[in-house]
Protein chains: 2
Amino acid sequence: MTAPALTKNQSLVFDVLSRSDAPLSAYTILDKLRDHGFRAPLQVYRALDKLLERGMVHRLESLNAFVACAHQEKECCGGHGHGTVAFAICESCGHVVEFHDHAVDHRLDDWARERKFKPAKTTIEIRGLCEQCAA
Amino acid sequence: MTAPALTKNQSLVFDVLSRSDAPLSAYTILDKLRDHGFRAPLQVYRALDKLLERGMVHRLESLNAFVACAHQEKECCGGHGHGTVAFAICESCGHVVEFHDHAVDHRLDDWARERKFKPAKTTIEIRGLCEQCAA
DNA sequence: TCAATTGCGTTATGCTATAACGTGTGTCAT
DNA sequence: ATGACACACGTTATAGCATAACGCAATTGA
């Protein structure tokens with residue numbers, strides 16, 4: 001059950017996100033890929049959908065933007081696609097730190113179980129100022 | 001330092017949200033208030049901004065929608081505007097449950113303190129199926 | 001009185017995301 | 001082989017979310 005190789009468009013989008021040190025909107029990605037033949041938002045959104053499915057990319061709901069997953073394929077919690085991811089987003093420099101916290105995950109799982117709520121996807125985003133920018 | 005009374009537009013928007021049992025987008029609110037003289041999105045967004053400032057309304061980042069705060073002015077954690085709020089959102093029926101969890105808050109606070117990150121606003125949203133809809 | 005602040009209304013615009021159509025390609029059971 | 005299917009792709013158009021920029025009116029306070 002090895003995942004199929006990325007298509008050309010998926011690779012291009014993933015590369016752009018990987019090289020960026022801040023989240024990018026779909027339209028910013030589009031602009032960066034015009035030289036590679038991208039003409040329409042859908043080309044970006046379709047690639048993003050697949051990358052999100054694989055857990056190779058995350059969506060930041062509070063920014064309507066996307067980042068490459070900070071972890072490698074086989075790392076930590078089983079690699080891409082497992083566990084809840086949390087983000088600390090600096091509102092000054094735009095830098096994003098991705099992290100996992102099992103205690104938080106457990107706590108939210110417990111809350112859900114008690115209420116028989118079936119979680120599909122959990123979003124945790126802390127917006128604020130990073131150490132550099134808070135100084 | 002009592003907060004000033006709500007203006008007419010702010011009251012109208014808050015009432016619409018209070019009466020709804022699911023989150024509403026700004027444009028849906030606009031439609032519901034056309035009979036009261038609302039003509040443009042900005043009238044809604046400006047009212048929402050003030051209501052968000054007061055903590056009387058919350059924004060659901062993963063839905064681009066808004067809900068009235070589930071708690072009363074002087075309740076629990078100091079009432080509106082204190083502590084981090086979390087949401088469980090049913091993707092089937094649209095119902096939203098607002099809750100606070102101090103353990104989660106602490107854990108995220110600790111994470112931030114260790115990294116000298118200064119949180120401004122934290123978003124926690126669990127999307128899934130409520131007990132009714134999961135059956 | 002004058003300046004500053006705040007809310008309001010309007011028009012226009014920009015950003016984010018998806019619908020709906022058709023094309024080409026590969027797989028695979030028949 | 002052939003037909004059915006799944007999937008990626010490209011294009012045009014449209015829907016949905018949010019703000020910029022202008023001007024007016026009312027309020028406050030030095």
Side-chain angles (χ1 to χ4, degrees), chain A residues 1-17 20 22-54 56-67 89 91 94 121 123 125 127, chain B residues 1-17 20 22-54 56-67 89 91 94 121 123 125 127:
Chain A
M1 68 154 281
T2 316
L6 294 181
T7 67
K8 183 151 190 286
N9 286 3
Q10 290 161 17
S11 296
L12 287 167
V13 169
F14 184 67
D15 286 353
V16 166
L17 283 175
S20 173
L24 300 176
S25 76
Y27 278 71
T28 304
I29 296 171
L30 174 59
D31 286 341
K32 289 182 182 291
L33 289 176
R34 291 206 186 270
D35 294 345
H36 293 268
F38 275 52
R39 315 280 316 173
L42 229 64
Q43 296 174 280
V44 177
Y45 282 110
R46 290 204 272 231
L48 285 172
D49 283 345
K50 294 303 177 184
L51 295 169
L52 288 165
E53 271 176 22
R54 292 186 179 215
M56 297 175 66
V57 161
H58 300 293
R59 176 188 172 84
L60 299 176
E61 301 289 353
S62 68
L63 295 178
N64 293 326
F66 304 85
V67 288
I89 303 166
E91 295 183 310
K121 178 169 191 253
T123 298
E125 298 177 14
R127 300 185 58 169
Chain B
M1 66 154 278
T2 316
L6 294 181
T7 67
K8 182 150 191 286
N9 285 3
Q10 290 160 17
S11 297
L12 287 167
V13 169
F14 184 67
D15 286 352
V16 166
L17 282 175
S20 173
L24 299 177
S25 75
Y27 279 69
T28 303
I29 296 171
L30 174 58
D31 286 339
K32 288 181 183 292
L33 289 176
R34 291 208 186 269
D35 294 345
H36 293 268
F38 275 52
R39 316 277 319 172
L42 228 64
Q43 295 174 281
V44 176
Y45 282 111
R46 290 203 273 230
L48 284 172
D49 283 345
K50 294 303 178 186
L51 295 169
L52 288 166
E53 270 176 23
R54 293 188 179 213
M56 297 175 65
V57 161
H58 301 294
R59 177 188 172 84
L60 298 176
E61 301 288 353
S62 68
L63 295 179
N64 295 326
F66 304 85
V67 287
I89 303 167
E91 295 183 309
K121 173 162 194 262
T123 296
E125 298 178 14
R127 300 185 59 169

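Residue numbering restarts at 1 for every chain, and letters A, B, ... go by the order of the sequence lines. Everything quoted here is computed from the prediction, not taken from an experiment.
Taking the side chain as every heavy atom from C-beta outward, K32(A) and R34(A) never approach each other to under 4.5 Å. Residues F38(B) and I29(B) form no side-chain contact, since every pair of their non-hydrogen atoms from C-beta on lies 4.5 Å or further apart. For the pair R46(A)/N9(A), no side-chain contact is recorded, criterion being any heavy-atom separation below 4.5 Å from C-beta on. Using a 4.5 Å heavy-atom cutoff, the side chains of S25(A) and N64(A) are not in contact.
L12(A) CG to D35(A) CG: the interatomic distance, rounded to the nearest 0.5 Å, is 11.0 Å. Rounded to the nearest 0.5 Å, atoms NE2 (H36(B)) and CG (D15(B)) are 9.0 Å apart. For the atom pair NE2 of H58(B) and CG of L17(B), the computed distance is 11.0 Å after rounding to the nearest 0.5 Å. Rounding to the nearest 0.5 Å gives a distance of 11.0 Å between NZ of K121(B) and CD1 of I89(A). Atom OH of residue Y45(A) and atom CG of residue L30(A) lie 9.5 Å apart, to the nearest 0.5 angstrom.
Summary of helix geometry: the two end axes of the helix from dT1(C)-dA30(D) to dT30(C)-dA1(D), each defined by five base pairs via their C1' atoms, are inclined to each other by 30° (rounded to 10°).
Residue N64(B) contributes atom CG, which lies 11 Å from atom P of dT16(C) at whole-angstrom precision. Summarising the geometry, the separation between CG on D49(B) and C1' on dT6(C) is reported as 13 Å, rounded to the nearest angstrom. Rounded to whole Å, atom C1' of dA17(C) lies 14 Å from atom CG of L63(B). As a whole-Å value, the separation of L24(A) CG from dC15(C) C1' is 15 Å.
With a cutoff of under 4.0 Å to any heavy atom of chain B, the contacted region of DNA chain D is bounded 5' to 3' by dC17(D) to dA21(D).
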Base versus backbone protein contacts along nucleotides 9-14 of chain C [heavy-atom cut-off under 4.0 Å; B, S, -]
BBB---
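Formation of a donor-acceptor pair under 3.5 Å by the S11(A) side chain with backbone atoms of T7(A) is found in this model.
Take the nearest nucleotide of DNA chain C for A65(A) and for T7(B): the residue whose nucleotide is more 5' is T7(B).
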Quick one, R127(B) with E125(B), criterion salt bridge (Lys or Arg N to Asp or Glu O under 4.0 Å). Give me CA distance, side-chain angles, the key distance, then yes/no.
CA-CA 6 Å; R127(B) 300 185 59 169; E125(B) 298 178 14; over 6 Å; no
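One finds no side-chain N or O of K8(B) lying less than 4.0 angstrom from the OP1 or OP2 phosphate oxygen of dC8(C).
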